[in-house]
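Shown next, in structure tokens, is the structure this report addresses.
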Amino acid sequence: MSGFSREFCHNEESVRRLSQVQYISFQKRYILLQLLMGAGFISAAVFGMLDRTAGGMCCLFGCWLLISWRQIPNFRARKLLKSSGGSFPATTFRFGEKEVTVANEQGETVVAYEQIIRLVTDNAYDYLFVSTCGAYMLPWEEGKKEETFQNFLSQKTGLAWLPVKNVFMISVKQLMWEWKNTRRN
């Protein structure tokens, strides 16, 4: 055993946060498409040869598209919270030499490091993605313990940690880095 273990129990805030991180991490093309469509509708309203009513509708719809991209992950989080009744079991993660053991009151699951497809981190949590729609969320440890833990997981998975990036600040270089650091099964 490596000596690394973490415990975590989800709550409403963590479910919403996980849903947002998952959506930002894996659905950038849809977010960018929605933003471009919003800008297109606004442009059509401002520069198009539309009558006042059609131009107003295009402008409103374009503005809605620009500001509503977070609605999909919020909807998913609400659906999960509703189906769980807002109650989540405490989960223990034990990190071994070849796998992670995930245990809670419902049972125990073993996840090989090769099954982890992406490592993502923000200012409070680490996310171990096992699919584009599923991840384990772990609270950060303090100081050097977090750095040691992240180095351990990088070595075991062969993946680098990716920061959660604001969708408006994404670059082609960042997209290529994400592509390179995502395992495809």
CE/Met57 to CG/Leu50 distance, rounded to the nearest 0.5 angstrom? 12.0 Å
Rounded distance [0.5 Å steps], CG in Leu128 versus OG1 in Thr121: 10.0 Å
Can you confirm whether Tyr127 sits close enough to Arg17 that some side-chain heavy atom of one is under 4.5 Å from a side-chain heavy atom of the other? yes
Result of checking Glu146, Glu141, Met137 against Asp126 for side chain to side chain contact (heavy atoms under 4.5 Å, CB included): Glu146
Honestly curious: do Val164 and Ile116 fall in one hydrophobic cluster under the side-chain, below-4.5 Å linking rule? yes
Decide whether Phe47 and Leu66 are clustered together by the hydrophobic rule: side chain heavy atoms of Ile, Leu, Val, Met, Phe, Trp, Tyr closer than 4.5 Å, transitively. yes
Given Arg118 and Glu178, is the side chain to side chain contact (heavy atoms under 4.5 Å, CB included) satisfied, shown in steps? CA-CA 9 Å; Arg118 186 181 281 182; Glu178 288 180 8; 3.9 Å; yes
NZ/NE/NH1/NH2 to OD/OE distance under 4.0 Å, Arg94 and Glu7: no
Salt bridge check, Glu147 against Lys144: does any charged N sit closer than 4.0 Å to a carboxylate O? yes
State which residues pass side-chain hydrogen bond (donor to acceptor under 3.5 Å, both in side chains) with Lys79; sequence neighbours excluded, sorted by chain then number. none
Could Arg6 and Phe149 be counted as a cation-pi pair, given that NZ or CZ must be under 6.0 Å from the ring centre and within 45° of the axis? yes
Residue among Trp161, Phe26, Tyr136 satisfying ring-ring contact (aromatic ring centres under 6.0 Å, His included) with Phe129: Phe26
Using the rule ring-ring contact (aromatic ring centres under 6.0 Å, His included), only one of Tyr125, Phe93, Trp140 pairs with Phe8; which is it? Tyr125
With distance as the sole test, does Ser43 use its side chain to make a donor-acceptor pair with the main-chain N or O of Ala39 at under 3.5 Å? yes
Has the side chain of Glu99 got a donor or acceptor atom that lies under 3.5 Å from a matching backbone atom of Val111? no
Going by the angle between their ring planes, with limits at 30° and 60°, are Phe4 and Phe152 parallel, tilted or perpendicular? tilted
Report the relative orientation of the aromatic rings in Phe61 and Trp64; use parallel for angles under 30°, tilted for 30 to 60°, perpendicular for over 60°. parallel
Please confirm whether the ring centroid of Tyr23 lies under 6.0 Å from the ring centroid of Tyr30. no
